[in-house]
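From a predicted model like this one, the values you see are computed outputs, not experimental measurements.
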Amino acid sequence: MSLYREVHGQPVAGAAPLLLIHGGGSTIETNWGALIPLLVDTRQVIAVELQGHGRTPYAGGTITFENSADEVAAVLRELDLGPVDVLGFSNGGNVALRLAMRHPDLVRRQIVASAFYRRDGLVDGFWDGMAQATLESMPQLYRDADAALNPDPAHQQQLFDLDSGQMRSFQDWPPADLAAITTPTLILAADRDVATNAHTVEMAALIPGARLMIVPGTHGDYLGEQLAAAGDPSPMRDTLPWLLRFLA
């Protein structure tokens, strides 16, 4: 499986390339369109689209955070960039965690944003809502972005089925999986995120040497994610200097 990828900017001496892994239902544009222009002066940026998202077709079978991490690793080995820095958001944060666990040689430092490792780490009502969700529950912004790239309406249903199926089938990860991470890690979330603050703090405590940052905001506005930010770049601009400082 070859993932669609984009390379933005030129290599910058002394700065590792930064790999971006989007969240569920997203494309590169909806998740990272506002952030990429602010990054390319500091480092080269590589953004991927996971299976069934955007311009990457669905190859069949079950989508998991583990096999998504392996597919991202294949892209990195193909590009032969050496260890990269990684920023993964939401589902992409879970993929980033699995990438660091399964392919530590490929990751120099990682920022794991709005992720989780246990079902009970998400806010009350999340799983009930997920169990009852249909395609109509998917935000129109995501459906429109996918339709712009994949006009067949069946693709939007497939996208919903892949993402909701992955979430519904999620099983808790053992704490030992996080405790075994050796990659320097920043755990990042908003104070009104999908994961509870307590869960975010717990994740950072489990990963040896991890740093923790909880910012004012909601699920993704602090990264300029299109749905959450709703056209307001200020949370992203406030957060970005701290991210660059961690990656320095």
Side-chain angles (χ1 to χ4, degrees), residues 1-8 15-24 26-28 31-32 35-36 39 43-54 56 59 61-118 121 162-163 166-167 169-189 195 200 203-204 206-212 220 223 243 246-247:
M1 184 68 215
S2 181
L3 303 181
Y4 174 83
R5 80 293 305 261
E6 294 179 359
V7 179
H8 295 262
L18 177 63
L19 171 73
L20 303 177
I21 310 176
H22 63 76
S26 299
T27 64
I28 292 171
N31 207 144
W32 307 118
L35 185 62
I36 288 174
L39 293 170
R43 63 191 59 238
Q44 188 176 60
V45 177
I46 301 100
V48 296
E49 287 177 334
L50 302 175
Q51 258 201 72
H53 293 73
T56 300
T62 301
I63 303 295
T64 67
F65 295 125
E66 291 77 17
N67 60 30
S68 293
D70 292 344
E71 289 161 2
V72 171
V75 170
L76 293 176
R77 296 192 194 282
E78 179 184 340
L79 294 175
D80 193 25
L81 298 171
V84 300
D85 293 337
V86 177
L87 168 57
F89 168 68
S90 194
N91 283 6
N94 286 45
V95 173
L97 284 169
R98 284 307 198 197
L99 179 66
M101 293 172 190
R102 297 163 73 89
H103 306 277
D105 59 306
L106 297 177
V107 185
R108 189 189 76 99
R109 299 176 80 82
Q110 65 171 343
I111 300 172
V112 177
S114 296
F116 69 104
Y117 84 100
R118 287 200 333 266
L162 290 175
D163 281 343
Q166 182 182 37
M167 291 298 289
S169 64
F170 179 81
Q171 299 295 315
D172 293 355
W173 296 351
D177 286 3
L178 276 71
I181 292 175
T182 58
T183 302
T185 300
L186 171 65
I187 297 293
L188 171 66
T200 301
M203 289 179 67
L206 284 169
I207 299 172
R211 304 304 302 270
L212 170 67
L223 293 175
L243 308 188
F246 174 77
L247 296 176

For the residue pair [X] and [Y], establish whether any side-chain heavy-atom pair is separated by less than 4.5 Å.
X      : Y      : result
Val45  : Trp32  : no
Arg43  : Asp85  : yes
Leu162 : Gln51  : no
Ile207 : Leu97  : yes
Leu50  : Val72  : yes
Val86  : Thr183 : no
Ile111 : Leu247 : yes
Tyr4   : His53  : no

For [X] against [Y], the heavy-atom pair lying closest together:
X      : Y      : answer
Arg109 : Phe246 : NE-O, 2.8 Å
Ala195 : Ala115 : CB-O, 3.7 Å
Ala16  : Pro83  : CB-O, 4.0 Å
Pro17  : Val84  : O-CB, 3.5 Å
Ala210 : Ala204 : CB-O, 3.5 Å
Leu87  : Ala113 : CD1-CB, 4.4 Å

Donor on one side chain, acceptor on other, Thr185 and Gln110, under 3.5 Å
yes

Take Leu178 and Met101 through the test side-chain contact (heavy atoms from CB on, under 4.5 Å) and record every step on the way to the result.
CA-CA 8 Å; Leu178 276 71; Met101 293 172 190; 3.9 Å; yes

Check the pair Asn31, Leu20 against side-chain contact (heavy atoms from CB on, under 4.5 Å), reporting the backbone distance first and the verdict last.
CA-CA 9 Å; Asn31 207 144; Leu20 303 177; over 6 Å; no

How far does [atom1] of [X] sit from [atom2] of [Y], to the nearest 0.5 angstrom?
X     : Y      : atom1 : atom2 : answer
Thr62 : Gln166 : OG1   : CD    : 10.0 Å
Leu18 : Arg108 : CG    : CZ    : 10.0 Å
Asn91 : Ile21  : CG    : CD1   : 11.0 Å

Does the pair His22 and Thr27 meet the rule for a side-chain contact (heavy atoms from CB on, under 4.5 Å), with working shown?
CA-CA 7 Å; His22 63 76; Thr27 64; over 6 Å; no

Considering residues at least two apart in sequence or located in another chain, which fulfil the side chain to side chain contact (heavy atoms under 4.5 Å, CB included) criterion with Glu66?
Thr64, Arg98, Arg102, Trp173

The side chain to side chain contact (heavy atoms under 4.5 Å, CB included) partners of Ser114 (sequence neighbours excluded) come to Phe89, Asp193, His219, Tyr222

Do the side chains of Arg77 and Asp70 get close enough for a salt bridge, i.e. N-O under 4.0 angstrom?
no

With distance as the sole test, does Arg5 use its side chain to make a donor-acceptor pair with the main-chain N or O of Ile46 at under 3.5 Å?
no

Say whether, by atom type as modelled, one donor and one acceptor occur between the side chain of Asn94 and the main chain of Phe116 under 3.5 angstrom.
yes

Run the side-chain contact (heavy atoms from CB on, under 4.5 Å) test on Leu106 and Leu19 for me, step by step, so that the C-alpha distance in whole Å, both residues' side-chain angles and the decisive distance to 0.1 Å come before the verdict.
CA-CA 11 Å; Leu106 297 177; Leu19 171 73; over 6 Å; no

